[in-house]
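What follows is a short report on a single structure.
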Amino acid sequence: MTNKQKHCYTVDEYSLIGEMKMQEIHTTELAEKLSNDETLAVIDVREDDEVARGMIPNAKHIKLGELPEHLTELDDQTDYYIICRSGGRSSRAAQYLLAKGYQAINVDGGMLAWNGETVVPS
């Protein structure tokens with residue numbers, strides 16, 4: 001079976017395939033886009049306890065391990081900015097989404113490098 005055929009890979013397996021060229025953006029660039037009132041789709045792939053400490057306003061929270069279950073909620077014509085704590089999990093998530101035909105950009109540095117506004121989800 002080739003990678004092009006239907007096969008159920010986990011998010012971690014996709015990070016090992018490495019076929020897709022992933023785009024990255026630093027948190028400062030993302031913050032600048034948001035401060036210029038650009039409408040962006042941000043997905044936070046951290047765990048619940050991490051998100052409880054604060055997340056980017058209007059970001060969608062989908063834990064990395066649950067990403068495959070939420071693909072039907074995503075639009076393949078939208079650019080998704082993927083963020084986590086430091087950039088590792090978001091990189092794997094972005095690679096996974098790219099392999100599935102979605103547009104994904106990894107946010108390098110993650111929330112550790114984020115200096116913009118945060119909100120605590122209710």
Side-chain angles (χ1 to χ4, degrees):
M1 180 179 289
T2 68
N3 291 339
K4 301 286 184 213
Q5 294 173 318
K6 290 191 178 189
H7 185 83
C8 185
Y9 290 103
T10 66
V11 172
D12 286 328
E13 289 171 324
Y14 269 107
S15 69
L16 298 174
I17 293 171
E19 293 179 359
M20 305 294 169
K21 177 73 174 147
M22 182 181 56
Q23 294 180 18
E24 289 195 331
I25 187 173
H26 194 269
T27 55
T28 54
E29 295 171 274
L30 179 62
E32 184 177 322
K33 286 178 173 286
L34 291 170
S35 70
N36 290 333
D37 292 326
E38 289 187 44
T39 302
L40 303 177
V42 179
I43 298 176
D44 190 324
V45 295
R46 296 177 298 154
E47 294 297 317
D48 293 335
D49 62 317
E50 296 172 291
V51 168
R53 292 181 221 130
M55 62 189 290
I56 296 172
N58 300 314
K60 182 176 184 74
H61 178 218
I62 303 174
K63 292 186 276 189
L64 177 64
E66 295 177 0
L67 192 55
E69 301 163 24
H70 291 272
L71 291 179
T72 58
E73 300 169 17
L74 305 180
D75 174 18
D76 63 3
Q77 299 302 307
T78 299
D79 289 336
Y80 291 99
Y81 294 83
I82 315 299
I83 194 163
C84 66
R85 180 179 173 271
S86 62
R89 285 174 285 178
S90 58
S91 175
R92 294 197 321 259
Q95 289 171 342
Y96 176 76
L97 289 172
L98 285 169
K100 289 294 191 178
Y102 295 90
Q103 307 303 313
I105 301 151
N106 182 47
V107 180
D108 185 43
M111 292 302 289
L112 288 177
W114 180 255
N115 290 320
E117 180 184 355
T118 60
V119 295
V120 176
S122 49

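Along the sequence shown, residues carry numbers from 1.
No side-chain heavy atom of Gln23 sits under 4.5 Å from any side-chain heavy atom of Asp79. Counting heavy atoms from C-beta on, the side chains of Met111 and Glu50 never come closer than 4.5 Å. Put simply, the side chain of Arg53 does not reach to within 4.5 Å of the side chain of Arg85, judged on heavy atoms. Between Asp48 and His61 the shortest side-chain heavy-atom distance falls below 4.5 Å. The shortest distance between side-chain heavy atoms of Glu32 and Thr28 does not fall below 4.5 Å. Using a 4.5 Å heavy-atom threshold, the side chains of Val119 and Met55 count as touching.
Clustering ILVMFWY residues whenever any of their side-chain heavy atoms sit less than 4.5 angstrom apart, transitively, puts Trp114 in the very cluster that holds Ile105. Cluster annotation: Leu40 and Val107 are assigned to the same hydrophobic cluster (Ile/Leu/Val/Met/Phe/Trp/Tyr, side-chain heavy-atom contacts under 4.5 Å, transitive). Note on Ile83: it does not cluster hydrophobically with Leu64, by side-chain heavy-atom contacts below 4.5 Å among ILVMFWY residues. Residues Ile62 and Tyr102 fall within the same hydrophobic cluster, defined by Ile, Leu, Val, Met, Phe, Trp and Tyr side chains chained together at heavy-atom separations under 4.5 Å.
A donor-acceptor contact shorter than 3.5 Å is absent between the side chain of Asn36 and the backbone of Glu38. Between the side chain of Thr27 and the backbone N or O of Ala113 there is at least one donor-acceptor pair closer than 3.5 Å. Between the side chain of Tyr81 and the main chain of Ala59, no donor-acceptor pair closer than 3.5 Å is present. The backbone N or O of Lys63 sits nowhere less than 3.5 Å from a side-chain atom of Glu66 that would complete a donor-acceptor pair.
The two residues Asn106 and Ser91 have their closest heavy-atom pair at OD1-N, 3.1 Å. Here the closest non-hydrogen pair linking Ile82 and Ala93 is CG2-CB, 3.7 Å. Contact record, Asp76 with Gln103: O-CG, 3.8 Å, taken as the closest heavy-atom pair.
The structure places CD1 of Ile25 at 5.0 Å from NZ of Lys33, a figure rounded to the nearest 0.5 Å. Separation of atoms SG (Cys84) and CG (Leu112) is listed at 8.5 Å; rounding is to 0.5 Å. Note that OH of Tyr96 is 6.0 Å distant from CG of Leu67, once rounded to the nearest 0.5 Å. Taking CG of Asp44 as the start and CD1 of Ile56 as the end, the distance is 7.0 Å to the nearest 0.5 Å.
Heavy-atom contacts from other residues, nucleotides or ligands closer than 6.0 Å to CD of Glu29 number more than 12.
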